[in-house]
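First comes the structure, then the notes that go with it.
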Amino acid sequence: LAIPRALPGLAAAGLPLLDAARIQLYGHSQGGNAASLVAARPSPYGTVVMSGTGGTLLYTLLGKKRPIDVSAVLPFVLGEATTGVDGNHPVLNLMQMYFEASDSVNFARRLLKEPPAGMAPHHILHVYGTGDTYSVPLTQQTYALAAGLKVAAPVLDNYGLLVDPNGPPFSNNAFFGPIGKLTAIQLQYAPTAAYDGHFVSTENPAARAAIQQMLVTAARDGIPTVSP
């Protein structure tokens with residue numbers, strides 16, 4: 001949020017580097033988690049694109065394989081090497097409870113279903129890569145379900161999101177609270193053997209094209225359009 005706050009001062013100093021009315025936000029992995037918190041509160045960003053973005057710390061601890069296999073180390077850290085660790089472990093639940101106040105999944109409902117009073121809508125693109133070993137798929141699924149996102153066909157991982165029949169292309173396809181509409185969709189992509197599903201947003205040509213289309217049309221038209 002520091003960038004949009006700095007723009008008026010830059011413009012006043014004769015440095016209009018960016019058009020404050022057309023700025024968009026794109027975050028990947030941990031950057032996507034940060035972007036998800038921005039998307040849940042008032043900000044000047046008209047569009048927020050997130051990839052490799054999820055919520056619920058407990059699922060991350062139990063399932064994360066890369067860049068470090070946290071799930072393999074966890075039983076030894078918790079002194080449970082012989083019995084193993086699952087989602088009922090008290091230490092993990094205490095950690096989850098401690099971080100609830102900053103967990104993306106708890107703010108996801110604000111994107112579409114329960115926006116804060118007076119908040120202007122953020123158009124949302126959630127890019128999902130199958131077989132992601134960095135951002136645990138269950139965390140991404142939990143976040144998308146909590147946000148009430150719909151998914152574009154083809155659906156590669158079917159975990160309960162409704163398929164949006166209003167596209168492609170998708171534009172103003174989702175309701176924002178009780179009134180108003182915006183562009184919001186999850187797009188799913190499969191990696192090749194050359195890279196992990198975590199990196200579809202940068203390695204998959206169709207995913208890169210979709211992100212570019214979302215951001216460019218948002219800046220050009222005010223309302224973004226996107227296709228898988």
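Residue numbers start at 1 and run along the sequence shown. Since this is a predicted model, take the numbers as computed values, not measurements.
Interatomic distance, CE of Met119 versus CZ of Arg110, reported as 8.0 Å (0.5 Å rounding). Once rounded to the nearest 0.5 Å, the distance linking CZ of Arg41 with CG of Leu111 reads 13.5 Å. For the atom pair CG of Asn158 and CD of Gln141, the computed distance is 9.5 Å after rounding to the nearest 0.5 Å. Distance check, rounded to the nearest 0.5 Å: CE of Met97 to CG of Leu57 gives 12.5 Å. Going from atom CE of Met214 over to atom CD1 of Ile124 covers 7.0 Å, rounded to the nearest 0.5 Å. For the atom pair CD1 of Ile23 and CG of Leu215, the computed distance is 12.0 Å after rounding to the nearest 0.5 Å.
Both Met95 and Tyr98 are part of a single hydrophobic cluster, where members link through side-chain heavy atoms under 4.5 Å apart. Residues Leu138 and Val155 do not share a hydrophobic cluster, defined by chaining ILVMFWY side chains whose heavy atoms lie under 4.5 Å apart. Residues Val200 and Leu161 fall into different hydrophobic clusters, defined by Ile, Leu, Val, Met, Phe, Trp and Tyr side chains chained together at heavy-atom separations under 4.5 Å.
The number of heavy-atom neighbours closer than 6.0 Å to CD of Gln212, taken from other residues, nucleotides and ligands shown, is 12 or below. Within 6.0 Å of CZ on Phe175 lie no more than 12 heavy atoms contributed by other residues, nucleotides or ligands.
Formation of a donor-acceptor pair under 3.5 Å by the Gln188 side chain with backbone atoms of Ala152 is not found in this model. With hydrogens and angles ignored, the 3.5 Å screen pairs no side-chain donor or acceptor of Asn106 with any backbone N or O of Ala101. The backbone N or O of Thr202 lies less than 3.5 Å from a partner atom in the side chain of Arg208, making a donor-acceptor pair. Using a distance-only test at 3.5 Å, with no hydrogens or angles considered, a donor-acceptor pair links the side chain of Lys181 to the main chain of Asn172. Panel note: side chain Ser43, backbone Tyr45; a donor-acceptor pair is recorded below 3.5 Å. Side-chain N or O atoms of His122 include one that pairs as donor or acceptor with a backbone N or O of Ala39 at under 3.5 Å. A donor-acceptor contact shorter than 3.5 Å links the side chain of Thr53 to the backbone of Ser51. A donor-acceptor pair is defined here as one N or O able to donate and one able to accept, closer than 3.5 Å; no such pair exists between the side chain of Asn33 and the backbone of Gly55. No donor-acceptor pair under 3.5 Å is formed between the side chain of Ser171 and the backbone N or O of Thr225. For Asp103 (side chain) and Phe99 (main-chain N/O), no donor-acceptor pair under 3.5 Å exists by modelled atom type.
Side-chain atoms of Leu62 and Leu92, non-hydrogen and from C-beta on, do get closer than 4.5 Å to each other. Counting heavy atoms from C-beta on, the side chains of Ser201 and Tyr26 come closer than 4.5 Å. The shortest side-chain heavy-atom distance between His89 and Leu74 does not fall under the 4.5 Å cut-off. Contact of the His198 side chain with the Ser29 side chain is registered, since non-hydrogen atoms from C-beta on lie closer than 4.5 Å. Contact annotation: the side chain of Asp157 approaches that of Tyr128 to within less than 4.5 Å [non-hydrogen atoms, C-beta and beyond]. With contacts defined as side-chain heavy-atom distances shorter than 4.5 Å, the pair Ser36/Phe107 does not qualify. Side-chain contact check for Leu149 versus Leu112: some heavy-atom pair is nearer than 4.5 Å. Counting only heavy atoms from C-beta outward, the side chains of Thr130 and Pro137 never approach each other to under 4.5 Å.
Paired with Pro121 under the rule side chain to side chain contact (heavy atoms under 4.5 Å, CB included), one option of Thr183, Thr47, Leu182 passes, and it is Leu182.
Remark: aromatic rings of Tyr143 and His126 are close, center separation under 6.0 Å.
Here the closest heavy-atom approach between residue Gln24 and residue Gly46 is recorded as OE1-C, 3.7 Å. When all heavy atoms are compared, the tightest approach of Thr139 to Val136 is OG1-O, 2.6 Å. The two atoms that bring Glu80 and Val85 nearest to each other are CB-CG2, 3.8 Å, heavy atoms only. In terms of heavy-atom proximity, Leu125 sits nearest to Val226 at CD2-CG2, 4.3 Å. Scanning both residues, Gln140 and Tyr159, for their nearest heavy atoms gives O-OH, 4.5 Å. Shortest non-hydrogen contact noted between Phe170 and Pro228 is CE1-CD, 4.2 Å.
Counted by atom type alone, Thr133 and Asp196 present one or more donor-acceptor pairs between their side chains at under 3.5 Å. Between the side chains of Gln186 and Asp164, not a single donor N or O lies within less than 3.5 Å of an accepting N or O.
Residue pairs satisfying the side chain to side chain donor-acceptor pair (under 3.5 Å) criterion with at least one member in residues 54-68, sequence neighbours excluded, are listed as follows: Lys65-Ser71.
Between Phe199 and His28, the two ring planes are tilted [angle within 30° to 60°].
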Begin from the C-alpha positions of His123 and Val48 and carry the test side-chain contact (heavy atoms from CB on, under 4.5 Å) through to its verdict. CA-CA 6 Å; His123 302 283; Val48 178; over 6 Å; no

